[in-house]
**Student:** 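Below is the structure I would like to discuss, written out as structure tokens.
Chain letters run A, B, ... following the sequence lines, proteins first, then strands; residues in each count from 1.
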Number of protein chains: 2
Amino acid sequence: MGEQKLSIPKGYRKTKQREAILKVLERAEYPINAEQIFMELKNNGIDISLSTIYRNLEMLTKEGLVVKSYMMNEDKARFALPDKKNYLVCEKCGKIVIIDNCPFDKFKEELIEVHGFDITGHSIEVYGVCPECQKKG
Amino acid sequence: MGEQKLSIPKGYRKTKQREAILKVLERAEYPINAEQIFMELKNNGIDISLSTIYRNLEMLTKEGLVVKSYMMNEDKARFALPDKKNYLVCEKCGKIVIIDNCPFDKFKEELIEVHGFDITGHSIEVYGVCPECQKKG
DNA sequence: CTTCCTGCAAAGAGTTTGCATCAAA
DNA sequence: TTTGATGCAAACTCTTTGCAGGAAG
């Protein structure tokens with residue numbers, strides 16, 4: 001599922017920290033924050049500093065390999081591969097579900113026509129209550 | 001244009017700071033941050049502290065009168081009335097254009113069906129290049 | 001009067017940055 | 001070697017909080 005092979009952008013050196021961060025992002029099922037990447041690596045015995053993570057996330061975002069986003073009622077940035085940037089969040093349990101085949105493209109034409117923008121990207125966040133939480137009342 | 005009359009939620013006192021913040025949000029054409037509200041009020045001769053602004057924005061968000069969001073490459077939260085929460089941002093000049101009649105509703109049914117979520121809200125951010133910047137090349 | 005609200009200053013949290021050291025190429 | 005990358009600690013920015021004084025009801 002979405003296991004595309006990411007590689008370090010041209011012009012940047014190949015370091016074990018960089019590769020490790022990319023692997024975590026590839027394996028992640030939804031946007032995660034710097035701290036989560038840090039803990040994930042720590043649990044896998046990989047020692048890295050938070051600043052290195054932030055510096056690499058900034059680079060990867062600038063290079064377009066990663067998308068940064070913020071979630072409702074959260075003050076920290078999350079990062080994900082572009083195909084995992086649109087999601088549903090359960091307001092009760094916090095579960096995050098990625099929106100595959102985002103139907104946004106259908107609206108794109110309309111937006112271009114109405115506003116004249118040349119659209120390069122988008123990010124959609126949807127909140128609601130997941131099926132399990134609906135049952136729990 | 002979107003000049004709905006907002007009032008202080010029941011259970012909260014009517015103070016001049018609160019009313020001033022609401023007025024700024026009503027007049028705003030797109031999501032703005034705490035600092036911008038502060039400056040806007042200062043320019044109108046209204047003295048208020050940033051913490052009061054933050055405290056009220058938190059309250060208004062909790063009460064559902066205001067929606068909090070973050071924009072690409074920005075580290076501070078923005079706040080807007082619900083009808084101004086979906087927007088287009090020009091990557092070059094930063095211009096923000098509100099998406100009226102957000103076509104999201106068409107797509108809501110599909111999401112409910114596929115994921116079983118009971119959807120309560122959404123926020124859409126679109127980036128691109130505005131017509132003026134396209135001309136400038 | 002009573003309770004809520006505000007302002008101020010200090011504290012917090014997340015993120016960024018300077019600098020010396022380390023490692024990729 | 002040369003130059004980019006990392007780690008650490010300090011710095012920064014945005015936001016939150018404690019507390020005393022002030023205003024709303």
**Student:** Where the side chain of A:T52 is concerned, which of D:dT15, D:dT6, D:dC14 is the nearest nucleotide?
**Tutor:**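 Comparing D:dT15, D:dT6, D:dC14 against the side chain of A:T52, the answer is D:dT6.
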
**Student:** Starting from P on C:dT15, measure out to CG on A:N33 and report it in whole angstrom.
**Tutor:**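 Roughly 7 Å, once rounded to whole Å.
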
**Student:** Counting heavy atoms not belonging to B:D47, are there more than 12 under 6.0 Å from its CG?
**Tutor:**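 Count not over threshold, so no.
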
**Student:** Side-chain contact, heavy-atom cut-off 4.5 Å: A:I37 with A:L57?
**Tutor:**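 Yes. Closest side-chain heavy atoms under 4.5 Å.
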
**Student:** Any chance CD of A:E63 has more than 12 other-residue heavy atoms, nucleotides or ligands included, within less than 6.0 Å?
**Tutor:**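 Atom CD in A:E63 is packed in, count exceeds 12.
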
**Student:** Is any side-chain nitrogen or oxygen of A:T15 closer than 4.0 Å to OP1 or OP2 of D:dT6?
**Tutor:**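 It does, given that an N or O in the side chain of A:T15 lies less than 4.0 Å from OP1 or OP2 of D:dT6.
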
**Student:** Taking the nucleotide of DNA chain D with the closest heavy atom to each, which residue, B:Y54 or B:Y12, is nearer the 5' end?
**Tutor:**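 This one resolves to B:Y54.
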
**Student:** For B:R55 and D:dG18, what is the distance between atoms CZ and P respectively, to the nearest whole Å?
**Tutor:**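 Computing the B:R55:CZ to D:dG18:P distance gives 10 Å.
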
**Student:** If I take atom CG in residue B:L50 and atom P in nucleotide C:dA10, what distance separates them, rounded to the nearest angstrom?
**Tutor:**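 Interatomic distance, CG of B:L50 to P of C:dA10: 16 Å.
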
**Student:** Please report the closest heavy-atom contact between A:R78 and A:P31, naming both atoms and the distance.
**Tutor:**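 Minimum heavy-atom separation between A:R78 and A:P31: NH1-O, 2.6 Å.
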
**Student:** Which whole-number value in Å describes the distance from B:L57 CG to D:dC14 C1'?
**Tutor:**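 Checked: the CG to C1' distance equals 13 Å.
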
**Student:** Tell me the interatomic distance from B:I46, atom CD1, to C:dT6, atom C1', rounded to whole angstroms.
**Tutor:**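 One finds 15 Å between C1' of C:dT6 and CD1 of B:I46, rounded.
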
**Student:** Return the 5'-most residue of the pair A:E35, A:E58 with respect to DNA chain C, ranking by each residue's nearest nucleotide.
**Tutor:**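 Upstream on the strand: A:E35.
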
**Student:** In whole angstroms, how far is the P atom of D:dT15 from the CG atom of B:D75?
**Tutor:**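 After rounding, the gap between these two atoms is 8 Å.
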
**Student:** Given that B:F79 and A:Q17 both sit by DNA chain D, which one's nearest nucleotide is further toward the 5' end?
**Tutor:**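 In this pair, the answer is A:Q17.
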
**Student:** Roughly how many Å is it from CZ in A:F38 to C1' in C:dG14, rounded to a whole number?
**Tutor:**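 Computing the A:F38:CZ to C:dG14:C1' distance gives 14 Å.
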
**Student:** Starting at NZ of A:K10 and ending at P of D:dG4, how long is that distance when rounded to a whole Å?
**Tutor:**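 Distance, rounded to whole Å: 18 Å.
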
**Student:** Counting only side-chain N and O atoms of A:K76, is one of them less than 4.0 Å from OP1 or OP2 of C:dG14?
**Tutor:**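 Yes, within the criterion.
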
**Student:** Is there a donor N/O on one and an acceptor N/O on the other, under 3.5 Å, for the side chain of B:S51 and the base of C:dC8?
**Tutor:**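 Side chain to base: pair found, below 3.5 Å.
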
**Student:** For a quick test of reading the model: is some side-chain N or O of A:N56 closer than 4.0 Å to OP1 or OP2 of D:dT6?
**Tutor:**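 Checking A:N56 against D:dT6: at least one side-chain N or O falls below 4.0 Å of OP1 or OP2.
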
**Student:** Can a donor-acceptor pair under 3.5 Å be found between the side-chain atoms of B:R13 and the base atoms of C:dC5?
**Tutor:**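 Per atom types, no contact qualifies.
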
**Student:** Is it true that atom CG of A:N43 has more than 12 heavy atoms of other residues, nucleotides or ligands lying nearer than 6.0 Å?
**Tutor:**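 Result for CG/A:N43: enclosed.
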
